[in-house]
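Order of listing sets the numbers, starting from 1, for every ligand and every atom in it.
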Amino acid sequence: MRFETLAIHAGERPDVAFGAVSVPIYQTSTFVFEDVGKTRGYDYSRTANPTRRVLEDTIAQLEGGKAGFAFATGMAAEATVMHLLKAGDHVICGDDVYGGTYRLFQNVMQDFGLEFTFLRMDNRQAIEEAIRPNSRMLWLETPSNPLLNITDIEMAVDIAEKHNILTVIDNTFATPYSLSPVEYGVDLIVHSTTKYLNGHCDVVGGAVVTTTDELTERVQFLLNAMGTCASPFDCWLVLRGIETLPVRMKQHEENAIAVADYLEGHPAVEKVFYPGLKSHPGHEIARRQMKGFGGMVSFETKGGIEMTKSFLRRIKLFSLAESLGGVASLAEHPATMSHASMPREHREKVGITDQLVRLSVGLENVDDLIEDLGQALGAG
Ligand SMILES: Cc1ncc(COP(=O)(O)O)c(C=O)c1O
């Protein structure tokens with residue numbers, strides 16, 4: 001089955017019990033045993049649940065991995081993956097990852113004895129120099145949040161394999177529709193399903209896809225031991241969203257290209273970050289490794305923070321809100337919102353300025369979106 005078909009038919013569908021076409025929501029904590037020591041496949045919903053299983057199988061198949069796991073949030077998925085490591089292990093991570101990822105690593109996992117190096121993942125020599133004898137994990141996010149930096153996955157995996165380091169990619173921005181990390185040999189894929197996979201801003205969720213039996217067994221163990229799993233209803237919402245992922249991603253990209261082109265030509269805009277633009281330093285790599293450039297566009301306004309604030313107050317169709325990947329367009333200010341948990345010095349070092357705005361370009365008519373951006377930017 002091809003991607004669009006898998007998005008609708010992967011996993012146990014129709015339901016085996018009564019043939020329901022829409023995956024039933026098995027809203028139950030526990031399951032009756034057939035006999036002492038004999039289940040009908042499920043015993044307790046933290047360990048496994050039939051609704052969750054369909055979502056997990058669907059995401060695993062879309063990513064081309066071994067197995068999938070659905071979590072309560074993207075952060076729950078990430079926290080669980082970090083428990084594959086132990087005190088004394090070293091992690092190399094992109095320097096402009098999602099602010100919550102940075103916070104989890106710096107302010108939580110570091111206290112458990114993990115070591116972290118954050119660096120721009122665009123330079124083979126710099127990554128190689130960061131490797132220590134205790135390096136165990138390379139954490140990638142491409143396109144990155146919020147600067148849309150592109151990492152050459154082939155290069156990163158090549159380095160990691162030479163040093164026997166586990167590679168993890170946060171594929172939230174690209175989605176499996178636009179990027180297939182498994183094809184490049186990435187070991188683990190992480191998602192905030194809150195974003196494009198759900199697509200409607202009505203759930204928070206996360207996912208992990210594994211590529212080996214060993215990782216599958218370990219992630220299943222950790223999910224159950226830590227209790228970080230997603231609820232059946234939340235799984236159902238993500239499943240319903242995934243059914244339209246391919247058509248949504250095509251339109252998100254079409255709209256984002258038009259928005260990025262418009263912003264690049266606007267006199268009140270200092271700089272536009274979108275991998276689909278020829279001016280983007282990662283454009284050629286993105287063209288090579290991605291099927292589409294996605295729906296996220298970041299830009300800096302000219303004229304200092306007051307101009308940025310004025311833009312954010314004046315937008316109407318774009319809502320000023322955290323999150324991304326839904327059908328409705330959102331705008332946010334990384335310095336005070338998604339990346340506020342990153343210390344100012346780190347933000348400044350990596351280029352997340354106070355003038356940076358991140359747009360999640362939705363599925364509205366793109367002319368309406370552009371008119372909204374135009375009125376909010378003013379004459380420049
Ligand atoms: C790239 C990326 N990864 C992970 C997360 C965390 O996901 P969640 O908010 O579902 O916990 C986010 C949230 O914004 C994100 O943008």
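- Here the side chains of Ile127 and Met155 are in contact, with some heavy-atom distance below 4.5 Å.
- The shortest separation from a heavy atom of Gly205 to ligand 1 is under 4.0 Å, placing the residue in contact.
- Near Lys195, with a cut-off below 4.0 Å to any heavy atom, the atoms of ligand 1 are 9 (O), 12 (C), 13 (C), 14 (O), 16 (O).
- The distance criterion of under 3.5 Å between nitrogen or oxygen atoms is met by Met75 with respect to ligand 1.
- In terms of protein heavy-atom proximity, atom 10 (O) of ligand 1 is closest to Thr194 OG1, 2.6 Å.
- Side-chain contact between Thr80 and His83: absent, with no pair of heavy atoms (C-beta onward) separated by less than 4.5 Å.
- The option from Ala72, Ser338, Gly74, Ala79 that lies nearest to atom 8 (P) of ligand 1, judged by heavy atoms, is Gly74.
- Under 4.0 Å is where a charged nitrogen must lie from a carboxylate oxygen, and between Glu300 and Lys271 no such pair does.
- The residue Val204 has no part lying near ligand 1, judged by heavy-atom distances below 4.0 Å.
- A heavy-atom separation below 4.0 Å is found between Glu78 and ligand 1.
- Polar contact with ligand 1: present for Asn145 (N/O pair, distance under 3.5 Å).
- With contacts defined as side-chain heavy-atom distances shorter than 4.5 Å, the pair Arg124/Asp158 qualifies.
- When Pro275, Pro281, Ser144 are each tested for a side chain to side chain contact (heavy atoms under 4.5 Å, CB included) with Ile150, only one passes: Pro275.
- Residue Thr101 places no N or O, backbone or side chain, under 3.5 Å from any N or O of ligand 1.
- Under 4.0 Å is where a charged nitrogen must lie from a carboxylate oxygen, and between Asp372 and Lys316 no such pair does.
- In this structure, the protein non-hydrogen atom closest to atom 5 (C) of ligand 1 is Tyr98 CD2, 3.4 Å.
- The side-chain tip of Lys291 points at the ring of Tyr177 from less than 6.0 angstrom away and within 45° of straight on.
- Residue contacts with ligand 1 leave out His191, since none of its heavy atoms falls under 4.0 Å from the ligand.
- Under the 4.0 Å criterion applied to side-chain N and carboxylate O atoms, Arg344 and Asp354 are assigned as salt-bridge partners.
- With ligand atoms numbered from 1 in the order given, ligand 1 contributes 1 (C), 2 (C), 3 (N), 4 (C) to contacts under 4.0 Å with heavy atoms of Asp170.
- Near Thr73, with a cut-off below 4.0 Å to any heavy atom, the atoms of ligand 1 are 10 (O), 11 (O).
- When side chains are defined from C-beta on, Phe273 does not count as touching Pro143, because their heavy atoms never get closer than 4.5 Å.
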